[in-house]
Structure formats: C-alpha cells, structure tokens
Novice: 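Before I ask anything, here is the structure I am working with.
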Protein chains: 2
Amino acid sequence: MGRSAVNVAGGKRGRITIHDVAAAAGVSISTASKALNETGRMSVETRERVKRIAGEVGFRPNALARGLLSKRSFTIGLLTNDTYGRFTLPVMAGISEALVDHGVSVFLCAIEDDPALGQTHVDAMLEKQVDGIIATGKRLDRQLPVDLSNLHVPVVYAFTEGTPTSVTFRSDDAQGARLAVEWLVKMGRRRIAHITGPEDFFSVRERAGAYRNVIGGEGVVMFGRWAEAWGHEAVAQIWSRQDEKPDAIFCGNDQIARGAVDALRERGIRVPEDVSVVGFDNWEIVAGQTRPPLTSVDMELKELGRQAGLTILALAEGRPVEPGVRKLPCRLVVRQSCGAQSPRR
Amino acid sequence: MGRSAVNVAGGKRGRITIHDVAAAAGVSISTASKALNETGRMSVETRERVKRIAGEVGFRPNALARGLLSKRSFTIGLLTNDTYGRFTLPVMAGISEALVDHGVSVFLCAIEDDPALGQTHVDAMLEKQVDGIIATGKRLDRQLPVDLSNLHVPVVYAFTEGTPTSVTFRSDDAQGARLAVEWLVKMGRRRIAHITGPEDFFSVRERAGAYRNVIGGEGVVMFGRWAEAWGHEAVAQIWSRQDEKPDAIFCGNDQIARGAVDALRERGIRVPEDVSVVGFDNWEIVAGQTRPPLTSVDMELKELGRQAGLTILALAEGRPVEPGVRKLPCRLVVRQSCGAQSPRR
DNA sequence: CTGAAAGCGCTTACAG
DNA sequence: CTGAAAGCGCTTACAG
C-alpha cells in the first residue's frame with residue numbers, strides 16, 4: 001500500500017511501467033504481466049492486488065512494446081483521395097465505431113490524387129506496422145493512385161475500385177435507384193424524368209439503368225454535371241419543350257435535385273403537389289436545406305465503413321474472408337419533396 | 001548480391017528486419033543500423049553497400065521497435081467533437097500537410113459529445129504513445145468533453161477552447177468581420193445590416209462587435225439560427241418594415257447568406273446590384289452554389305491546422321513554445337455577391 | 001573502421 | 001502458485 005505511493009511518479013519521463021507495478025505489488029514482472037492480462041495461474045488474491053495497484057498508480061501498458069511481441073499494432077490506416085470528405089467522413093465514422101471497442105485506432109491519410117504523397121503515406125503506415133489498410137475514395141470506378149497489392153498487410157476497399165482478388169465494399173446503386181423510382185411510382189407518378197451526372201461515372205450508368213428498368217422503357221435521361229446549375233438548366237430545357245411535362249424527377253444527386261426544385265419553384269410549379277423530386281446521397285446540408293426538404297437515397301456509407309472495419313479486423317486476426325465485391329443496400333430517406341406519406345418499411 | 005536475393009523472403013511473417021540486411025551485407029546489425037541512420041563512422045563503401053542492399057531487399061524499419069527506444073512514436077492524435085467535419089477536415093488537412101514530411105502520422109478520433117467515448121480514445125492514444133494530442137472542435141467557446149490536462153504528452157488546442165496554460169489557435173473573427181464590412185463600405189454601401197447566428201456563440205458576438213465598430217453605431221443586428229431558413233425570415237422581416245432598406249447584408253455564415261440571397265431574388269431584388277451580401281466560412285458547397293456565388297470570409301482553418309501541427313511537433317521535440325491564445329487572420333474570398341471588383345490585397 | 005552487449009517495455013514458454 | 005530468462009526489432013554507448 002504505502003510502497004505504491006512511492007512509485008506513483010514512475011521512472012524517468014514520468015511514465016509508469018510494469019516494473020513499477022511489479023515492485024509496488026511485490027511480485028515479479030512476469031507475474032504482474034500475467035495478472036493484468038488474465039493469463040497464467042495464480043492466487044486470486046495476487047491477481048486482484050496487482051490489478052488494484054496498477055489502477056492506483058495509473059499504469060498504462062505501452063502498446064509499442066506490446067506490438068513488438070504480438071505483431072499486432074492495433075492500428076489501421078485509412079487512405080482516401082476524397083479531400084472534401086463528403087464520402088470519407090461517414091466511412092471513417094463507421095470504421096472507427098466498429099473498431100474502437102477492439103482497441104484499434106485509425107490513421108487518416110488524405111492523399112489527394114498525388115501518387116507520391118500516396119506512397120509516402122503508405123510507407124509511413126507500413127513502418128508503423130498497421131494491421132491493415134482500408135482504401136476509400138469518391139467514386140466506385142476509380143482506383144486510388146497507389147499500388148496496394150503485394151503489401152504483406154491486408155487491404156480492404158470501400159467505395160473505391162479494388163483489385164480482383166481483394167474484398168471490396170460498395171453501395172448498390174441500382175437498388176438505390178430502384179427504391180427511388182418505385183417510390184415515385186407508388187406515389188402515383190407516371191411521367192418520371194431522370195436528371196443526372198456525367199455518363200462516364202459507373203454509378204450514373206447503374207442508376208440510369210435501374211431507372212429504365214423500373215419505368216419499363218427508355219424514359220427521359222439527361223446526363224450533365226454534378227451541380228445545382230445543371231438541375232436548373234435541365235428543368236429549363238424540359239419545360240421549354242412542347243411535350244407533356246413530367247410529374248416527377250429522379251435526380252442523380254442532391255445538388256442537382258436542389259437546383260431542379262429551385263427552378264420548379266421559380267416557374268410556379270409546386271413541389272411535391274405538381275412534381276415530385278427525389279435526390280441521391282442524402283447529403284444533409286443540401287437535402288435538409290432544400291425547400292421543401294428532399295427525399296433522397298442514402299448509400300449507408302457509415303454501415304459500409306463499419307463492415308470494412310470488421311473485415312480488416314478479421315483479416316488481421318487471420319480469420320478467413322471471402323474475396324469479391326459486396327454490394328450494400330441503400331435506404332430511402334423520406335422528407336417532403338414527394339408528398340407526406342412515409343415509407344412502409 | 002546473390003545472398004541478398006536469398007533473404008528477400010525475410011524471416012517469418014514475411015517481414016524483413018535489420019538482421020536480414022546485416023546478413024546480406026555481411027556486417028553486424030550495429031553497423032547496419034549506423035549505416036542506415038547516417039550515424040557512427042565507417043567507410044563510405046560499407047555505408048553505401050548496406051544502404052543499397054537495404055533498398056534491394058525492401059527493408060522497412062519497424063517504427064514500434066524504434067519508438068520503444070527513442071520514446072517518440074512519430075504519431076499524434078487529433079481529437080474532435082465535430083462529427084460533421086465541416087471544421088475538422090481543413091484543420092486535419094493542414095496538420096497532415098505540415099507533419100507528413102516529418103514522418104508523423106495522425107490518429108483521427110471523432111468523439112461526438114460523449115465523454116466516455118472521448119476517454120476511450122484518449123486512453124487508446126496514450127497507450128499507443130502518441131507524441132502529442134491536438135484538440136479541435138466546432139466552436140471557439142466550448143471545451144471538448146474530455147480532460148486533457150496533466151497528460152504527460154503535449155496538448156494543443158485548435159478551434160476549440162483550451163486551458164489557460166495551454167497554447168490555443170483560433171481564428172480572428174473580429175478581424176474577419178471587419179474585412180467583410182470594410183469591403184462593403186469600400187463598394188459604396190452605406191446601410192449595412194447584419195444577420196447572424198445565436199447570440200450565445202462567442203464568435204457571433206465577436207463578429208457583431210466588429211460590425212458595429214466599423215459602421216460606427218448600433219446598426220441592425222439580427223440574431224437567429226445557423227440556417228438558410230433564418231436568412232429568409234430575416235430578409236422577410238426587414239423588407240416588411242417601413243423604414244429604409246439596407247443596401248448590403250453581412251451574414252454570420254454562408255447558410256444564412258444563401259437564404260438571404262434566395263429571399264432577395266424572390267422579392268425581385270437584385271444581388272449585387274441592389275443589395276450586396278457577404279457570408280462567413282467560405283464553405284464551398286454553399287458559397288459556390290449560391291446564385292450569385294457568395295463573397296465570404298475564410299477562417300483559414302488549414303493554415304490553423306498547419307500551425308497547430310508544427311507547434312505540437314515543437315513541443316514533442318522539447319523545443320520551448322510560448323503558451324497563450326494565437327489569433328490567426330481570416331481572408332476575404334471575393335465572388336460575385338458584392339459586385340465584380342476584386343480585392344486589392 | 002567495426003562489433004558485442006545492454007536495453008527500450010512488454011509477453012511467453014519453461015522451470016521450480 | 002511464482003519467477004528467471006529469452007526475445008520482439010531496433011539503437012547506442014563502449015570496446016577493440
């Protein structure tokens with residue numbers, strides 16, 4: 001008891017080591033180690049005493065020393081080229097949430113689209129003995145500008161293109177688009193248009209394909225830019241034509257949807273009474289501030305991050321994981337832009 | 001040469017250690033270590049040979065082992081309660097940019113406003129022997145829900161409230177507001193109103209105070225919420241009154257400014273011809289998409305992050321750092337909402 | 001100019 | 001039930 005107080009200050013640099021705990025408890029460091037780790041066999045009394053004293057002196061095991069032995073650093077790296085963070089932040093939140101209970105911390109490395117910077121960060125992670133790397137990005141059909149194959153540590157891809165033998169998590173954009181269009185149909189809409197982003201995006205083609213499947217025909221698909229201004233322009237184009245006007249618009253993302261809603265309002269067309277609008281991404285800052293707030297497809301990126309985190313953990317622990325692409329379902333978030341009814345999920 | 005190839009596979013687990021390099025080069029591990037670290041004295045020939053072979057076999061020093069000796073992990077933690085990332089991402093980018101060249105990696109920990117989660121993350125960081133912790137948040141007048149004093153590692157605060165003896169970086173909101181209002185004055189505006197957020201925010205009071213100082217009177221200050229809808233409402237209130245209308249509005253953030261601009265347009269009031277508008281935050285997604293795009297005050301959070309990073313590094317290396325609050329200047333980003341003229345900076 | 005030895009803080013067979 | 005010893009991968013005095 002009295003002796004423990006003497007050692008509270010710890011050795012040099014103020015850090016308390018297992019030696020201090022052992023000395024204070026009057027046992028060897030091996031016994032102290034086993035007591036704290038619930039391994040080995042010893043009297044309950046000894047184990048409890050060591051643990052109590054460790055708590056009293058504020059002992060915190062040095063993860064560096066531990067990692068040196070165990071070959072596990074309880075550290076992973078998250079690599080992203082999405083500097084703006086629109087997609088990376090929810091993914092990061094999911095990873096962190098899944099791993100914090102396992103004592104795993106996450107290095108975040110934003111590499112823009114700079115291969116040299118990417119290599120620097122990968123090298124730094126590897127030297128720090130990360131247990132694995134999760135690569136994430138801003139589009140499903142592009143790889144990060146770094147080579148992550150043959151790395152000696154497991155790699156998982158989330159919301160970015162992976163390699164054929166890796167495990168890759170992505171949103172099921174076709175299913176998400178289906179959700180949106182079927183919802184519009186269920187609201188009684190029959191003339192549904194689709195205003196979306198650049199056709200060279202894989203997800204744009206996926207979403208457009210699903211749109212066509214649901215409406216059972218060619219429909220009206222307008223490819224453009226990921227911008228509010230494009231939503232405006234597209235509405236102007238449609239309403240300047242002679243043909244019958246749509247009673248619903250499925251937009252490729254929330255920014256386009258916001259532009260479309262604003263353009264409709266400025267034309268005196270009511271949303272959702274005259275025209276229903278659905279967005280994609282469920283980006284709160286955009287969807288929530290639109291008048292009226294947008295019903296939108298959420299890609300569940302946090303859940304995607306969580307699964308990527310649990311997978312990298314499994315790989316790091318040597319548990320078997322089936323390689324391949326895993327599509328995660330999207331969810332429709334109902335606000336006011338399609339009418340008041342709530343989904344019957 | 002031939003021998004090095006034999007060792008490429010490394011020891012168990014495929015990792016190549018300094019033993020492999022030493023063996024391949026035919027020297028002792030001490031010599032290998034000194035050769036690689038440019039320390040000690042030896043023939044240039046030996047040093048070069050060791051370095052060449054290390055490169056050939058793909059040797060990567062184990063930072064865990066290194067850290068155990070040097071008491072430096074080349075790792076820092078970034079703690080934030082800003083889950084949305086609006087403020088944290090630029091800060092993080094600045095930190096990372098400043099430290100990557102020094103071989104330092106960053107653990108990102110989002111703790112929401114949960115003290116227990118905060119403690120868990122702090123404990124994890126401390127066990128991993130971080131060289132320091134940077135605390136950041138979403139407002140200048142609130143502390144994170146964790147106690148970071150008496151930590152045995154240096155702590156720096158950036159865009160969140162620190163402790164009296166710590167070093168804290170924050171934006172100079174008064175100077176930023178002055179920049180905005182002086183700009184409006186320079187554009188010939190004389191009746192400048194101020195629509196802003198909740199009065200209990202320190203930065204709201206700072207900005208309002210600077211506004212009053214520049215216009216030299218009480219002015220029109222309307223406190224409200226950080227939302228587009230509030231910008232709308234405030235404009236409606238002003239324009240429903242009998243008195244003379246403002247010819248400029250300085251808004252407390254970009255969302256309010258966007259709402260105000262939309263409300264003005266809907267009233268047939270032209271921006272910037274009839275009324276100039278300035279926002280605050282320079283949040284690209286809002287400021288850039290407003291019609292017309294917003295002139296806005298940028299808090300230079302990336303620079304703030306960079307300085308926080310360099311400071312924590314200095315502290316970690318034992319260099320002396322003056323404690324106290326450091327206010328960093330804001331910058332006015334000119335777009336189209338005040339007129340076409342560009343700043344004469 | 002080069003190497004043997006001690007040690008960073010811990011864990012884990014192996015003895016007793 | 002408990003402890004001495006070896007070792008994880010490196011660095012750094014200290015000898016030679």
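Predicted, not measured: the structure shown is a model, and the values here were computed from it.
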Novice: Report the nucleotide, chosen from dC8(D), dG7(C), dG3(C), that has the shortest atom-to-atom distance to any side-chain atom of Leu69(B).
Specialist: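 Among dC8(D), dG7(C), dG3(C), the one nearest the side chain of Leu69(B) is dG7(C).
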Novice: Taking atom C1' of dT12(C) as reference, at what distance in whole Å does atom CZ of Arg72(A) sit?
Specialist: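 Roughly 18 Å, once rounded to whole Å.
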Novice: Between dT11(D), dG9(D), dG3(C), which one does the side chain of Ala65(B) approach most closely?
Specialist: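 Closest nucleotide to the Ala65(B) side chain: dG9(D).
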Novice: So Arg41(B), base contact, sugar-phosphate only, or nothing? Heavy-atom distance under 4.0 Å.
Specialist: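 Base, at least one base heavy atom under 4.0 Å.
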Novice: Output the rounded distance in Å from CZ (Arg66(B)) to P (dC10(C)).
Specialist: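 Value for this atom pair: 21 Å.
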Novice: Round to the nearest Å and state the distance from Asp20(A) atom CG to dC10(C) atom P.
Specialist: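 Whole-Å distance recorded here is 9 Å.
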Novice: Applying side-chain contact (heavy atoms from CB on, under 4.5 Å), name anything that partners Leu68(A), two or more places apart in sequence or on another chain.
Specialist: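 Expected list: Asn62(B), Leu64(B), Ala65(B), Leu68(B).
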Novice: Cut-off 3.5 Å, side chains only: do Thr39(A) and Asn37(A) have a donor facing an acceptor?
Specialist: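 Thr39(A) vs Asn37(A): no donor-acceptor pair found between side chains.
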Novice: Check this one for me: any side-chain N or O of Thr46(A) less than 4.0 Å away from OP1 or OP2 of dT2(D)?
Specialist: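 Result: yes.
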Novice: On DNA chain C, compare the nucleotides closest to Met42(B) and Leu68(B); which residue's is nearer the 5' end?
Specialist: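 The residue whose closest nucleotide sits nearer the 5' end is Met42(B).
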Novice: Has Glu38(A) got more than 12 heavy atoms of other residues, nucleotides or ligands less than 6.0 Å from its CD?
Specialist: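 Atom CD in Glu38(A) is crowded, with more than 12 foreign heavy atoms closer than 6.0 Å.
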Novice: Could you please name the option among dC8(C), dG3(D), dT12(D) that lies closest to any side-chain atom of Lys71(B)?
Specialist: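 So the side chain of Lys71(B) is nearest to dC8(C).
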Novice: When you check the phosphate oxygens OP1 and OP2 of dT11(D), does a side-chain N or O of Ser33(B) lie under 4.0 Å from one of them?
Specialist: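 It does, given that an N or O in the side chain of Ser33(B) lies less than 4.0 Å from OP1 or OP2 of dT11(D).
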Novice: Nearest whole Å is fine: how far is dC10(D) C1' from Arg60(B) CZ?
Specialist: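 Those two atoms, CZ and C1', are 16 Å apart.
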Novice: State the pairing partner of dC1(D); accept Watson-Crick or G-U wobble contacts with both distances under 3.5 Å, and report none otherwise.
Specialist: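 For dC1(D), the partner nucleotide comes out as dG16(C), under the 3.5 Å rule.
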Novice: Could you go through Phe107(B) and Phe107(A), starting from their C-alpha distance and side-chain angles, then the distance that decides it, and tell me whether this counts as ring-ring contact (aromatic ring centres under 6.0 Å, His included)?
Specialist: CA-CA 4 Å; Phe107(B) 288 122; Phe107(A) 288 122; 4.1 Å; yes
Novice: Give a yes/no answer on whether the side chain of Thr31(B) brings an N or O atom under 4.0 Å of OP1 or OP2 in dG3(C).
Specialist: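 Indeed, a polar side-chain atom of Thr31(B) lies that close.
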Novice: Tell me: CD1 of Ile29(B) to P of dC8(D), nearest whole Å?
Specialist: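 Going from Ile29(B) (CD1) to dC8(D) (P), I get 11 Å.
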Novice: Which residue lies toward the 5' end of DNA chain D, Leu64(B) or Arg49(A), if each is placed at its nearest nucleotide?
Specialist: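 The residue closer to the strand's 5' end, by nearest nucleotide, is Arg49(A).
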Novice: Assign each of Ile18(A) and Lys34(A) to its nearest nucleotide of DNA chain C by heavy atoms, then name whichever residue's nucleotide is nearer the 5' end.
Specialist: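 Looking at the nearest nucleotide for each, Ile18(A) comes out on the 5' side.
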Novice: Rounded to whole Å, how long is the line connecting atom NZ of Lys128(B) with atom P of dC10(C)?
Specialist: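 Rounded to whole Å, this separation is 15 Å.
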Novice: Have a look at Thr39(A) and say if it touches a base, only the backbone sugar-phosphate, or nothing, with a 4.0 Å heavy-atom cut-off.
Specialist: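 Touches nothing.
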Novice: Does Ser28(B) contact dA4(C) through a side-chain donor or acceptor facing the base, at a distance under 3.5 Å?
Specialist: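 In this structure, the two groups form no donor-acceptor pair.
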Novice: Assess, by modelled atom type and distance only, whether the side chains of Asn81(A) and Arg139(A) contain a donor and an acceptor separated by less than 3.5 Å.
Specialist: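 Per modelled atom types, Asn81(A) and Arg139(A) side chains form no pair under 3.5 Å.
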Novice: How many Å lie between CD1 on Ile16(A) and P on dG9(C), as a whole number?
Specialist: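 Distance, rounded to whole Å: 12 Å.
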Novice: Quick one about Asp82(B) and Thr80(B) (side-chain donor to acceptor, distance below 3.5 Å, no hydrogens or angles considered), yes or no?
Specialist: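 Checked: Thr80(B)/Asp82(B) side chains show no N/O donor-acceptor pair below 3.5 Å.
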Novice: Atom CG of Asn62(A) and atom C1' of dC8(C): how far apart are they, to the nearest Å?
Specialist: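 Nearest whole value for this atom pair: 8 Å.
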Novice: Give one of base, sugar-phosphate or nothing for Ser43(B), where a contact means two heavy atoms less than 4.0 Å apart.
Specialist: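 Sugar-phosphate, backbone atoms only, no base.
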